[in-house]
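Sharing a structure with you now.
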Amino acid sequence: MTSADSTSEVVVRLTDVRKEYGDTTALAGVSLEIRAGEAVAVMGPSGCGKSTMLNMVAGLDRPTSGEVVVHGDDLGRLDETGRALFRRRRIGMIFQFFNLLDDLPALDNVALAAQLVGVPARQARRRALELLDELGIVDRRNIYPAALSGGERQRVAVARALMNRPALLLADEPTGALDSSAGEQVMDLLLDLNQIGQTLLLVTHDERLAHRCASRLVELADGRVAGERSLERAA
Amino acid sequence: MSGLAQPLPSRGRGTGAVWRAARAAVRRRKLQTVVIGLVLLFSAATTVMALGLLVASTAPFDDAFARQRGAHVAAAYDSTLVSEAQLAEAARRPGVEAVAGPFAQAVLEVPLNGPGLTGGPLNVVGRADPAGPVDRVDLWAGRWPRAPGEIVLNDTPPARDLAGFGPERWQPPILGTSAEIPGGPTLTVVGVAYSLGRTADAWVTPEQIQAFRPSSTQVLYRFDSAANDEEIEAGMATVTEGVPADALLAAQSYLLVKQAVAAEPGVFVPFLMVFGILGLVAAVLIVANVVSGAVVSGFRHIGILKALGFTPGQVLAVYLVMVSVPAVVGCALGTVLGNVGAQPLLDISFQGMGFGPVGISPLVSVATLLGMPVVVVLAALVPASRARRLSAVEAISAGSAPRVGRGLRVQRWLSGTRLPRAVSLGLGLPFARPGRTALTISAVLLGVTTVTFATGLTSTVTRYADATDGNDHVGVRAADPERSTLRPASSLTDPQIEALLRSLPGTSRVTVNLTLDFSLVGSAQPVGVNFLRGDIETQGYREQVVEGRWLAGPDEVVAPSELLGERGLAVGDRITMEADGRRSTATIVGETMGGAPGPPGLLADWSAVGRLAPAHQLGNHEVLYQIQLARGTDIPAYTAAVEAADPGLDAWDNGGTDSFTVAAVSLAAVVTLMLGIVTALAVFNTVVLNTRERRRDLGMLKSIGMTPRQVTAMMVTSMAVLGTLGGLLGIPVGIVAHRLVVPIASGAAQIRVPDSLINVWSVPLLGVLALAGAAIAMLGALLPARSAARLPIAEVLHNE
Ligand SMILES: Nc1ncnc2c1ncn2[C@@H]1O[C@H](COP(=O)(O)OP(=O)(O)OP(=O)(O)O)[C@@H](O)[C@H]1O
Ligand SMILES: [Mg+2]
């Protein structure tokens with residue numbers, strides 16, 4: 001399948017990225033490249049800077065120094081609005097706690113991402129429906145998040161992340177709030193996505209998730225890259 | 001080490017813990033605390049002003065009258081028919097509370113054009129001092145006469161100067177002027193005093209009055225009961241018993257004076273009531289909104305407190321303390337602000353009425369200081385007791401647990417519309433918290449009602465002032481050769497004077513008014529008829545017609561309401577008048593709100609002079625020329641030019657701000673501003689709360705690419721809906737209030753208001769008002785919306 005090789009285009013390039021919060025150094029000079037089609041898992045002890053790194057890539061936060069280039073955009077140079085527009089076009093994000101809007105049913109939560117960009121409601125809903133169908137939860141489309149199971153909520157979140165066909169899918173502990181079977185389903189989903197060419201960057205504590213989905217493992221410790229290796233994906 | 005196992009020393013019933021937790025809560029909610037404080041500040045200030053003005057305006061006459069120990073009756077006796085001893089004896093009878101006098105009284109003929117002392121017959125009383133058991137007149141400038149040749153005039157003191165100069169600093173220009181009394185001494189004005197009961201026009205020493213050959217004796221009475229005409233008549237019957245029947249020449253009841261003097265402040269009361277009620281309700285509503293919002297948004301915090309072992313009662317206490325601290329501080333500062341702010345309004349409102357300094361009753365401050373915190377505590381109690389009942393688990397999850405079933409259908413429908421998503425999300429926000437939304441809409445509604453009412457009031461008052469002030473800038477009259485000592489007679493005829501005035505640069509319009517007295521058949525008193533020609537439309541009489549119509553022929557007259565009421569006449573009546581021994585008739589075809597300058601008289605067309613007074617020999621000094629100047633004309637220069645053109649013409653500045661207009665307009669402006677601020681704060685608070693509750697949602701929306709501008713648009717839209725809704729509801733309420741209150745107010749002033757003064761609403765004006773609600777709301781929403789747009793996303797998303 002489309003496992004990335006060294007000839008693929010570079011989607012993410014971090015160059016000596018540092019991030020300080022007051023006295024705390026969250027990232028102490030991280031350099032990393034991710035190529036199109038790769039699935040990279042970031043692991044490391046709590047507080048080592050994994051989420052911080054992911055936020056840099058998502059343009060949610062700016063580095064104190066160093067350069068973050070994603071899909072050709074130098075995020076350090078973009079203003080708030082520029083980074084918001086960047087996220088819309090290039091990035092899909094999923095979180096440990098799903099972050100769905102409670103007032104909207106599953107379908108509209110998914111459609112939202114496209115509507116923000118200005119896609120008309122009807123069209124956005126059609127695409128959302130397709131995605132929910134592909135993710136196997138189309139029958140839950142009219143259910144509000146409160147009444148969905150954890151796994152279902154995470155799949156709605158994944159659908160939403162995919163709405164605008166992002167170049168890069170970011171996931172921070174996507175299975176962290178799920179029980180093992182729901183976690184499995186999400187892992188399968190991510191693996192499938194990567195196998196059809198979706199570039200993935202996931203942060204996790206979960207060895208199984210990393211080994212199942214990722215083609216490469218980056219280990220962080222104390223805000224630095226402590227190790228890097230390719231993974232044979234478990235079947 | 002067994003220290004860990006030892007129980008901590010207990011601090012009684014945990015008051016310390018409550019206090020510490022409340023202090024921490026206040027510190028963590030700085031913004032909320034500031035908002036509560038500010039809302040209370042402005043609400044308390046509005047309340048103090050509204051209540052203060054209300055209290056002051058209900059009884060300024062009674063208060064001032066009581067301070068002066070005013071005379072219930074000022075009686076004049078024929079000194080040849082009754083002795084002073086008899087009068088003193090009669091005044092000792094039961095029912096008489098106090099008596100002053102007898103004082104000798106005379107009528108002086110003062111030359112009309114004296115340098116200071118003007119105005120024909122002057123009712124002078126000889127009194128040794130301004131004090132006494134009755135009618136303690138307020139000597140506000142100069143001193144009391146000590147020697148012959150000195151006189152004190154009766155006049156209203158000026159308003160307290162806004163800059164803080166009291167009347168004691170300001171010297172009226174008439175002070176020190178003198179006038180020669182024909183066949184008498186020269187009198188110098190040494191002081192100006194004010195008798196609210198109007199017992200005399202002027203006072204001199206008892207020795208001086210003898211020189212004027214007094215014909216009557218004044219006695220001033222206060223009775224034990226004098227609330228109405230019957231009681232006053234009973235009192236007079238007591239004191240005149242045994243006095244020869246013809247001896248009582250006149251008895252002036254204070255009730256008549258009160259009716260005349262109290263009319264203007266009476267106009268204010270209905271306006272103040274409306275403003276006061278609006279202010280109070282808005283304050284209460286907004287306080288309830290702010291406080292309950294603070295409690296609801298603190299549910300998670302409540303859960304944590306409970307998990308720590310706070311009892312329900314202690315949780316309740318934490319929240320009450322948290323809200324009360326800023327509330328009490330804001331309330332105290334607001335009370336001060338209200339007192340400071342209301343004083344100038346009071347001064348403007350009551351200036352020139354001679355009530356003396358009208359202050360805000362300290363009771364108002366006390367009531368506000370005690371009442372507002374009670375309102376706050378009550379408003380906090382409802383949600384706080386909800387918090388008290390909440391279990392720890394419920395409370396902790398309250399912040400993040402999804403709410404189901406509220407306005408969801410609306411959100412769903414909105415997400416399918418063609419609106420930009422940020423806008424439709426914003427439109428949906430208010431449905432998530434219906435209670436908070438209702439309170440916010442009510443606040444905006446009251447704000448817009450206030451703005452609408454105040455706008456209507458301002459238009460009405462301005463139109464009233466325009467109508468009654470006649471728009472004249474300058475009055476001109478030829479000197480009367482028989483009375484004037486200062487001016488030569490003018491050699492010009494009436495038409496020549498008019499032509500001269502019209503030719504002067506700056507003259508825009510001239511109305512010519514000849515007032516002649518007729519005896520009215522069936523009425524004891526004569527009636528003045530104002531014959532008008534020239535630019536009569538400038539006077540605005542036609543717009544002031546409240547019943548019937550304006551003049552159309554020479555046998556028609558129009559009468560102001562006041563005259564009709566006085567003489568028991570009505571529109572449609574045919575009246576017979578007599579002058580120079582000739583009788584003629586005219587029909588009253590219309591009733592106007594106001595009339596020509598001077599005592600109320602009939603209005604007629606100039607062409608009626610020949611019909612009603614054919615034998616009259618017109619003297620040029622009988623004619624008044626009312627002149628409207630072109631915009632920008634310098635009035636003193638113009639009057640000087642008139643007098644230079646013909647020294648026989650007397651020209652004067654007719655201007656002078658109408659204190660009522662100024663007072664009403666400033667009142668409306670101040671109250672509108674205050675309630676506008678309070679309303680905007682209410683919206684501000686709602687957005688702050690919504691933002692805080694929706695931090696996670698906002699973070700998510702931003703993570704999927706919502707730009708800061710879209711976030712701001714969303715939050716502002718959510719409030720613009722409420723603003724527009726509140727605005728649309730508030731306008732009709734304001735209009736209805738205006739329609740109800742204006743007739744009540746004018747009724748208090750004993751005038752009938754024409755429709756043109758009530759129908760002040762035009763489509764553009766309503767359009768502007770409709771925007772007012774949205775504008776107030778958007779203004780209040782903008783700041784917190786922008787800070788929501790800058791919310792740091794990363795923490796919110798990963799941690800909550
Ligand atoms: N907004 C912030 N302000 C201050 N310090 C922060 C902030 N965000 C992260 N940090 C600090 O930066 C360091 C790295 O945090 P980060 O969240 O990236 O760790 P992590 O590897 O994701 O940990 P975990 O596995 O527990 O999620 C930590 O020491 C943390 O305390
Ligand atoms: Mg993390």
Side-chain angles (χ1 to χ4, degrees), chain A residues 21 51-52 54-56 58-61 79-105 107-109 111-122 124-125 142 144-148 157 160-161 163-164 166 170 172-173 203, chain B residues 397 399-425 427-433 693-714 786 789-800:
Chain A
Y21 294 106
S51 296
T52 306
L54 199 78
N55 292 342
M56 294 296 145
L60 293 181
D61 224 334
D79 63 1
E80 275 268 344
T81 306
R83 281 183 279 137
L85 296 177
F86 154 80
R87 279 196 295 277
R88 256 183 209 181
R89 287 194 313 263
R90 309 283 187 219
I91 299 287
M93 285 193 89
I94 42 186
F95 307 92
Q96 182 174 0
F97 296 108
F98 329 121
N99 292 325
L100 300 176
L101 287 188
D102 296 325
D103 323 333
L104 294 178
L107 183 74
D108 287 333
N109 256 294
L112 188 65
Q115 284 179 292
L116 268 192
V117 188
V119 176
R122 184 187 296 265
R125 278 181 175 166
N142 290 328
Y144 287 88
L148 292 173
R160 184 182 63 196
M163 262 311 265
N164 295 333
L170 302 175
D172 195 348
E173 309 271 13
V203 164
Chain B
S397 58
S400 54
R403 303 166 304 271
V404 185
R406 272 184 184 169
L408 293 177
R409 212 174 294 174
V410 183
Q411 315 263 16
R412 184 106 216 243
W413 173 76
L414 280 169
S415 73
T417 60
R418 286 165 175 278
L419 294 168
R421 199 61 182 108
V423 171
S424 61
L425 279 173
L427 290 175
L429 270 182
F431 294 95
R433 285 229 171 261
E693 277 174 21
R694 301 211 156 230
R695 278 164 67 88
R696 202 174 53 92
D697 290 352
L698 286 169
M700 184 278 291
L701 287 168
K702 292 179 78 173
S703 79
I704 62 172
M706 192 178 244
T707 60
R709 186 185 293 230
Q710 281 176 311
V711 175
T712 309
M714 175 173 77
R786 292 190 43 179
R790 279 193 229 103
L791 197 72
I793 320 168
E795 297 141 63
V796 185
L797 287 179
H798 292 281
N799 303 338
E800 290 179 19

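Note that these values count all heavy atoms, side chains included, but never hydrogens, waters or copies made by symmetry.
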Q: Please look at Leu414(B) and chain A and tell me whether the side chain, the backbone, both or neither of the residue comes under 4.5 angstrom of a heavy atom of that chain.
A: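 Leu414(B) has no heavy atom closer than 4.5 Å to chain A.
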Quiz item: Say you draw a straight line from CG of Leu100(A) to CE of Met700(B); how long is it, rounded to the nearest 0.5 Å?
Solution: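 Leu100(A) atom CG to Met700(B) atom CE measures 7.0 Å (nearest 0.5 Å).
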Task: Note, Thr707(B) side chain near Glu80(A) side chain (heavy atom, < 4.5 Å) - done: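 They are not in contact (no side-chain heavy atoms under 4.5 Å apart), so the answer is no.
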Checklist entry - Can you name the closest pair of heavy atoms from Ile704(B) and Arg88(A) and give their distance? => result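 Closest approach of Ile704(B) to Arg88(A): O-CG, 3.8 Å.
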All side chain to side chain donor-acceptor pair (under 3.5 Å) counterparts of Arg421(B), not counting sequence neighbours: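 Per chain and number, Arg421(B) pairs via side chain to side chain donor-acceptor pair (under 3.5 Å) with Gln115(A), Ser424(B).
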If every non-hydrogen atom of Ala84(A) is compared with every non-hydrogen atom of Met706(B), which pair is closest and at what distance?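 Minimum heavy-atom separation between Ala84(A) and Met706(B): CB-O, 3.6 Å.
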Margin query: I'd like to know whether CZ of Arg709(B) has more than 12 heavy-atom contacts from other residues, nucleotides or ligands below 6.0 angstrom.
Written below: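 It does not: Arg709(B) CZ has 12 such atoms or fewer within range.
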- Can you measure from CG (Asn55(A)) to OG (Ser703(B)) and round to the nearest 0.5 angstrom?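 Here the rounded value is 10.0 Å.
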| said: Going by salt bridge (Lys or Arg N to Asp or Glu O under 4.0 Å), name the residues that satisfy it together with Asp108(A), two or more places apart in sequence or in a different chain. | reply: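 Counting only residues at least two positions away or on another chain, Asp108(A) forms a salt bridge (Lys or Arg N to Asp or Glu O under 4.0 Å) with Arg125(A), Arg412(B).
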Subject >> For chain B, the option from Gly118(A), Pro105(A), Ala113(A) that forms the most heavy-atom pairs under 4.5 Å >> reply: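 Top count of heavy-atom pairs under 4.5 Å with chain B: Pro105(A).
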Starting at CG of Asn99(A), measure out to CG of Leu698(B) and round the result to the nearest 0.5 Å.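 Going from CG on Asn99(A) over to CG on Leu698(B), the span is 11.5 Å.
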- Message: Please identify, among Leu112(A), Leu170(A), Asp61(A), the residue contributing the most non-hydrogen atom pairs under 4.5 Å to chain B.
- Response: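 Most pairs with chain B among the choices: Leu112(A).
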